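Some notes on the structure that comes next.
All values derive from a computational prediction rather than experimental measurement.
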Amino acid sequence: MDLNNTKYIILELIPTSLNPEKGLIIQLSALKLEGLKLLDRFDYRLKEELNPYPQMLEMFSYDKDSFTYKDTKEEILNDFTKWAEDLPLLILDNQYTPKYLASLSNQQESILKYLNEEYQDDIIEKIINKYNLEPSNYIVDLLYEALIKEL
């Protein structure tokens with residue numbers, strides 16, 4: 001895909017489990033782009049009181065007012081499906097993201113292909129160091145910044 005001449009979405013998904021049959025989506029953040037121009041962003045979270053893992057709440061204590069909160073992963077995915085339309089998705093090809101997005105008909109491709117990297121557990125740290133980025137809680141923003149520097 002020629003990222004300079006198309007609309008697409010960069011996506012970050014944080015679940016409670018690697019298995020979508022057992023897990024919930026705690027956070028789904030995405031950026032809608034045309035080339036490298038940011039068109040819109042999608043920042044949704046599961047309501048805090050519905051998270052069965054209180055120890056994870058600390059990880060998501062930032063920018064609470066910047067997110068839309070939903071009751072279920074299905075609500076998050078339904079809203080995302082409408083927002084994403086039929087645009088291709090650039091995702092981290094980790095153990096869980098493709099599984100959670102299996103119901104979507106959007107083309108999915110690893111963003112790491114465009115950053116000349118392969119997935120590993122410390123990939124975000126590696127991207128921060130490779131592109132000399134400021135650390136951020138917004139992984140999707142880090143991926144966007146890395147893409148800007150790469151393209």
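With contacts defined as side-chain heavy-atom distances shorter than 4.5 Å, the pair D141/L31 qualifies. At least one side-chain heavy atom of I10 sits less than 4.5 Å from a side-chain heavy atom of L147. Between L143 and I139, some side-chain heavy-atom pair lies under the 4.5 Å cut-off. A 4.5 Å side-chain heavy-atom check between T72 and E75 finds at least one atom pair inside the cut-off. At a threshold of 4.5 Å between non-hydrogen side-chain atoms, the residues E12 and Q27 count as touching.
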For residues 101-108, run the donor-acceptor check on the side chains, cut-off 3.5 Å, and write out each pair with its distance to 0.1 Å, sequence neighbours left out.
{"unit_1": "N106", "atom_1": "ND2", "unit_2": "E85", "atom_2": "O", "d": "3.1"}
{"unit_1": "N106", "atom_1": "ND2", "unit_2": "L87", "atom_2": "O", "d": "2.6"}
{"unit_1": "Q108", "atom_1": "NE2", "unit_2": "L101", "atom_2": "O", "d": "3.3"}

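Residues satisfying the side-chain contact (heavy atoms from CB on, under 4.5 Å) test with S110, not counting sequence neighbours, are D93, L112. Residues forming a side-chain contact (heavy atoms from CB on, under 4.5 Å) with K149 (at least two apart in sequence, or on another chain): Y131, L133. Applying the side-chain contact (heavy atoms from CB on, under 4.5 Å) test to N132 and every residue at least two apart in sequence or in another chain returns nothing. Residues passing the side chain to side chain donor-acceptor pair (under 3.5 Å) test with N116, sequence neighbours excluded: E150. Checked against ring-ring contact (aromatic ring centres under 6.0 Å, His included), Y8 has no partners two or more places apart in sequence or in another chain. Applying the side chain to side chain donor-acceptor pair (under 3.5 Å) test to T16 and every residue at least two apart in sequence or in another chain returns nothing. With sequence neighbours excluded, no residue forms a side chain to side chain donor-acceptor pair (under 3.5 Å) with Y144. The side chain to side chain donor-acceptor pair (under 3.5 Å) search around D63 returns Y138, not counting sequence neighbours.
Inspection of the T81 and N78 side chains reveals no N or O donor paired with an N or O acceptor under 3.5 Å.
Geometrically, R45 engages F67 in a cation-pi contact defined by less than 6.0 Å to the ring centre and at most 45° from the axis.
Nearest heavy-atom pair across S17 and G23 is CB-CA, 3.6 Å. S136 approaches L142 most closely through the heavy-atom pair O-CD1, 3.8 Å. When all heavy atoms are compared, the tightest approach of L38 to D40 is CD1-O, 3.5 Å. Nearest heavy-atom pair across Q95 and L18 is OE1-CD1, 3.1 Å.
Residue L39 is found outside any hydrophobic cluster, as its side-chain heavy atoms come under 4.5 Å of no other Ile, Leu, Val, Met, Phe, Trp or Tyr.
Here CD1 of I127 is found 5.0 Å from CG of L115. Values are rounded to the nearest 0.5 Å. A distance of 8.0 Å separates OG1 in T68 from CG in D79, rounded to the nearest 0.5 Å. In this structure, CG in L33 is found 11.0 Å from CG in N4, a value given to the nearest 0.5 Å. For the atom pair CE (M1) and CG (N5), the distance works out to 12.0 Å, reported to the nearest 0.5 Å. Of the inter-residue distances, the one linking D122 atom CG with I128 atom CD1 reads 10.5 Å to the nearest 0.5 angstrom. The distance from the CG atom of D43 to the OH atom of Y69 is 10.0 Å, given to the nearest 0.5 Å.
More than 12 heavy atoms of other residues, nucleotides or ligands shown are found within 6.0 angstrom of CG on D2. Heavy atoms of other residues, nucleotides or ligands lying less than 6.0 angstrom from CD of E118 number 12 at most. Within a 6.0 Å sphere centred on CD of E49, heavy atoms belonging to other residues, nucleotides or ligands number more than 12.
Among the candidates L11, I91, L92, the single residue satisfying the side chain to side chain contact (heavy atoms under 4.5 Å, CB included) test with I111 is L92.
Taking the charged nitrogens against the carboxylate oxygens, K130 and E117 do have a contact shorter than 4.0 Å, which makes a salt bridge.
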**OP:** Just do the salt bridge (Lys or Arg N to Asp or Glu O under 4.0 Å) check on K64 and E48 with the steps written out, would you?
**Re:** CA-CA 10 Å; K64 291 182 180 186; E48 284 188 10; 3.2 Å; yes

Original post:
Is there a side-chain contact (heavy atoms from CB on, under 4.5 Å) between E34 and T6 once you walk through the steps?
Top reply: CA-CA 6 Å; E34 184 168 5; T6 193; over 6 Å; no

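Sequence neighbours left out, the pairs with a member in residues 20-52 that pass ring-ring contact (aromatic ring centres under 6.0 Å, His included) are F42-Y44, F42-F80, F42-W83. Among pairs with a residue in residues 100-126, none fulfils ring-ring contact (aromatic ring centres under 6.0 Å, His included), at least two apart in sequence or across chains.
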